[in-house]
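If you're wondering where the values come from, they're calculated on a predicted model, not measured in any experiment.
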Amino acid sequence: MPAHVHPGTCADLVPQPTYALESVVDGHSRTELPVSLDELLAGDQVVNMHFSNDQMSVYSACVALS
């Protein structure tokens, strides 16, 4: 499942991601980002997961970071 950090909210996210995350495989993903946690939490940003590479328009989860 592809995952990204997007600006915006889950109801109104910006389609272009701020950061690409490692895809979720067997329920796990780990990515080190070149920003601090404070920077990630400072603005309206969300982590968005897609159903699959073939179904990028289908979101399987969205979580607000702020």
Whether over 12 other heavy atoms sit under 6.0 Å from Y59 OH = yes
Practice item. Identify whether V47 and V35 are in the same connected component of the hydrophobic contact network (ILVMFWY, side-chain heavy atoms under 4.5 Å). Key: yes
Value for CE (M56) from CE (M1), rounded to nearest 0.5 Å, stands at 11.5 Å
Residue set satisfying side chain to side chain donor-acceptor pair (under 3.5 Å) with H6, at least two apart, ordered chain then number -> none
To the nearest 0.5 Å, atom CG of L65 lies from atom OG1 of T9 at 12.0 Å
Looking only at heavy atoms, the pair that brings V46 and C10 closest together is CG1-N, 3.6 Å
Notebook entry, point to check: Taking E39 for the side chain and S36 for the main chain, is one N or O donor matched with an acceptor at less than 3.5 Å?
Noted result: yes
Residues 19-33, side-chain donor-acceptor partners within the protein, below 3.5 Å, at least two apart:
residue, atom, partner, partner atom, Å
S29, OG, E22, O, 2.6
T31, OG1, E22, N, 2.7

List the steps, then state whether side chain to side chain contact (heavy atoms under 4.5 Å, CB included) holds for M49 with H4.
CA-CA 7 Å; M49 292 183 353; H4 305 95; over 6 Å; no
Are any of the side-chain heavy atoms of H50 and V58 separated by less than 4.5 Å?
no
Output for pair (T18 OG1, Q45 CD), nearest 0.5 Å, gives 4.5 Å
